[in-house]
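Only one structure is covered here, and it is reproduced in the block below.
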Amino acid sequence: MAQIVDRRLNGKNKSAVNRQKFLRRFRKQIKKSIENVIAERSVTDLDKGETISIPKEDTSEPFFHHAQGGHRDMVHPGNREFQTGDKIPRPQGGTAQGDGSEASDSGEGEDDFVFELSREEFLQFFFEDLELPNLVKTKLSTITETKKIRAGHTSEGNPSNINVVRSLTGALGRRMALRGPYKKEIKTIEAKLEDLLKRHNETDQIIIDLRDRIIYLKKRIKRIPFIDSFDLRYDNRIDQPMPTTQAVMFCIMDVSGSMGREEKDIAKRFFMLLYLFLTRTYEKIQVVFISHHTIASEVDEEAFFYSRETGGTVVSSALKLMSSIIQERYPTNDWNIYAAQASDGDNWHNDSKICVDIMNKKLMPFVQYYSYIEITADRHQNLWEEYAGIESNWDNFAMKKIEKISDIYPVFRKLFQKRES
Amino acid sequence: MTVKTKKFRPISETSDWTFELIEKYHSEIERIAKNFGLSTYPVQLEIITAEQMMDAYSSVGMPVGYSHWTFGKEFVKTEKNYKRGQMGLAYEIVINSDPCIAYLMEENSMPMQALVIAHAAYGHNSFFKNNYLFTTWTSADSIIDYLLFAKTYIADCETRYGEEAVENILDSCHALKNYGVDRYKRPPKLSLLEEQNKQQEREEYLQSQINELWRTIPERTEPARDKTSSHFPSEPQENILYFIEKHAPLLEPWQREIVRIVRKIAQYFYPQRQTQVMNEGWATFWHYTILNQLYDEGLCTDGFMMEFLQSHTNVVSQPAFDSQYYSGINPYALGFNMMTDIRRICETPTDEDREWFPDIAGSDWQTSMDFAMRNFKDESFIGQYLSPRLIRDFKMFAITDDDKNRQIEVSAIHNKSGYQNVRSILSEQYNLGSNEPNIQVYNVDMKGDRSLTLRHTQHRRRPLDKSAYEVIKHVRRLWGFDVKIESIDEKDKIVKTYECSPSIS
């Protein structure tokens, strides 16, 4: 008779170790492939896995085998018109040569080894060797949440927490303890009875008394409750304060007429990247969207990315708004504050000076990191010139220029490169 | 065939499987197989998921395997193909062990499960148990234990010596795994306990031998030997990994043990590489015969049969050489047809068959097939049993591809003068000895720079592929000193030398 074993519940990730080994070995090639891929990804699917292709020759394992050439006899099936002695031109490329060459009719080029990365793996590679700068400056954690942890057992509690094993063990012990004296007495009486019965009859009073006593004692034993309310034990859980890390991310974008669809798309990708990156470090993240033209307003995500306004640009309005939001809602000793600003750099010319002033006094001392990206294909605009001063004064300020979509990834990597301390 | 006797009701009407049904089908299949005289190891059927099947796939069917990136590579490849639907997972993986383990994938329908049970758990199983290569070269009762030992040992080495060091050794061993096989000597039986006990002992003994061999203090008592007598090894050695395990001067004991593990596992798979056509043919023949019997007894429905036949037909199809799907001769097709043909020759021989196969024409088919299964490997099986009828059915033709001629010549076709030729060429095509380059350990420069020379004896002037340059780096890593390969032609003249530059280690 055969044995039928259901293995479906056994671990299915037996290959996980080997998979990791494979990824580690080809990390260089995978990273390169990711860099190519990232430029073509659309805004919304940054969070997915990815198809990676790396050169096949890199992954091949060499072994001794024959090359073409020499003398070779072979048998093939499906003869149609050949007769013995026919000469056929040698096929080029050697696909009809049976073993040795792998004929591939699949869509991918034969030179690439193609496979899928999961979302986790993808992000792992993507954010590898990037870091959030200045992590330690403000208090990293605030105690806002608690976690239930197990802490032994109690005799009081909620019925759903009854620990059955503990309770019954207790009950068993109690019953044994209470039964003890009675049982002992029964034993001695029985011994005595046996002794007395040699000399007395069943009807003698002394025997009857002793028999009654035994019945009485047995009744007592029976009356010991199987389980009593003070046997009950409850799993005890207590609240343990849990440090949580939290951050707020300000996305500031210029929505004036000069920012077209394409620029907004670039900005959005950049913000997404930053958001994903922050989620790897912080458990709780809030995002504040501030859009501005001549006046700034806090908007929701939809409006932030898709509404379109016209008019001039006053960047300082957004900075003022950000500063006031921080004061109102995000006390700086509880929150890690990050800001990313995207603009085409075109600002009302008298305003740029005001911006620098606000930055220096009201923002830079409180934020962990402030990154500014200028999205323009032209030369640097006036805001850039003014911000250049901030960059030299503050460590936690960085700015880069992005011209086209494929710049985002390299720029992002440069902004968050690990720095040698 | 027998007259249809509808004395049973079909076991199931739908294509869904349950454990109960599997058990019922299995016991019927077992009964039929026993009636046909199949002798097998006990059967263990394991139900697994598609993911687990991919796991099993990527570890070349080993139920427990040591970890290495190459299995990870296989896994991501399989996973991608499967997810894109480019590849249906094979229905069956079966392990040459006692008890014989066959995997059933939960996604399969009942007919497919029955097919796998008949094919793997009875077809392959009986082949594993009885074919001479398997009985001589593998130990079905201890392989799982050995694999377990290997897995633990290598994991242990990883923690002790670092993953990279272990990976390097494994990479190098894998490059040579086809050259880690004893072709003519039966390896000793494996046993887990013994392996573990002996392993320590072996380490010490081996190391002392190496030290003896490579002693640097000159022996004063012995007069200096002349060059010819110091040829080492005295005879060329074909088992390169074995030679390295025993004689490489610089390997650590644990590295030698890893070389040994790769060698042992290669040895275990060696019979499978030599009997693909026979093994698959035998298993396919039996699933076909057993399930037909099941149908004749009225135990399965017409729908069941249709599903089975469709998949069976796919498995044994043989595209012609000029088809875009052609990738050599399909071992399932050739094997199945040869097995069926043997039965035909036994049962209804023609005059031609009597002339070609006087021994088996008209004999009892079960006895004759049993004999064929037990005593041959692909090469000799085809040489013995490929019939003119089958050569005609497959429309086989032989070509001669010689790089001295501008054109390929058709040397034989499926006609009277061609049968013998086609048969012997096809048989030679399955001869691993001439398919794989013949490379042996030729000499070690014991007195000088300790360099190792391998000799490649060309077979019909066929050259080595340029991957030899890569392999040689791996040999060098294991050997520790310079390595070169000399290609010699049929007149013992060295025609090409492959060397690795000493800078790479």
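Chain naming here is simple, since letters A, B, ... match the order of the sequence lines and numbering starts at 1 in each.
- Among the candidates Met396(B), Arg460(B), Glu167(B), Arg461(B), the residue making the largest number of heavy-atom pairs closer than 4.5 Å to chain A is Arg460(B).
- Of the charged side-chain nitrogens involved, at least one lies within less than 4.0 Å of a carboxylate oxygen, so that Arg8(A) and Glu106(B) count as a salt-bridged pair.
- Of the two parts of Leu176(B), only the side chain, counted from C-beta on, holds a non-hydrogen atom closer than 4.5 Å to a non-hydrogen atom of chain A.
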Evaluation steps, side chain to side chain contact (heavy atoms under 4.5 Å, CB included), between Gln3(A) and Ile101(B): CA-CA 9 Å; Gln3(A) 224 180 334; Ile101(B) 300 170; over 6 Å; no
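- Without hydrogens or angle criteria, His65(A) side chain to Glu436(B) main chain gives no donor-acceptor distance under 3.5 Å.
- Asn18(A) places a side-chain N or O within donor-acceptor distance of the main-chain N or O of His68(B), the cut-off being under 3.5 Å.
- Neither the backbone nor the side chain of Glu428(B) comes within contact range of chain A; no heavy atom of the residue lies under 4.5 Å from a heavy atom of that chain.
- Classification of the Phe321(B)-His76(A) ring pair by plane angle, with boundaries at 30° and 60°, yields tilted.
- Look at Arg72(A) and Asp403(B) and you find no salt bridge, because none of the NZ, NE, NH1 or NH2 atoms lies under 4.0 Å from a carboxylate O.
- Taking Asp393(B) as the reference, nothing meets the side-chain hydrogen bond (donor to acceptor under 3.5 Å, both in side chains) condition, with sequence neighbours excluded.
- For Glu46(B), the parts sitting under 4.5 Å from any heavy atom of chain A are the backbone and the side chain alike.
- For a residue to count as touching a neighbouring chain, one of its non-hydrogen atoms must lie under 4.5 Å from one of that chain's; by this rule Ala412(B) touches chain A with the backbone only.
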Verdict with reasoning, Glu23(B) to Ile4(A), per side chain to side chain contact (heavy atoms under 4.5 Å, CB included): CA-CA 8 Å; Glu23(B) 218 162 314; Ile4(A) 302 177; 4.0 Å; yes
Verdict with reasoning, Asp401(B) to Arg90(A), per salt bridge (Lys or Arg N to Asp or Glu O under 4.0 Å): CA-CA 8 Å; Asp401(B) 183 359; Arg90(A) 182 170 287 128; 2.8 Å; yes
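- Contact annotation for Gln83(A): both backbone and side-chain heavy atoms come within less than 4.5 Å of a heavy atom of chain B.
- For chain A, the nearby part of Tyr179(B) is the side chain; its heavy atoms alone come within less than 4.5 Å.
- Between Tyr498(B) and Phe64(A), a ring centre-to-centre spacing not shorter than 6.0 Å is recorded.
- If you measure heavy-atom distances from Ile439(B) to chain A, the contacts under 4.5 Å come from the side chain alone.
- A donor-acceptor contact shorter than 3.5 Å links the side chain of Ser467(B) to the backbone of Phe63(A).
- The closest donor-acceptor contact from the side chain of Lys73(B) to the backbone of Phe22(A) lies at 3.5 Å or more, if one exists at all.
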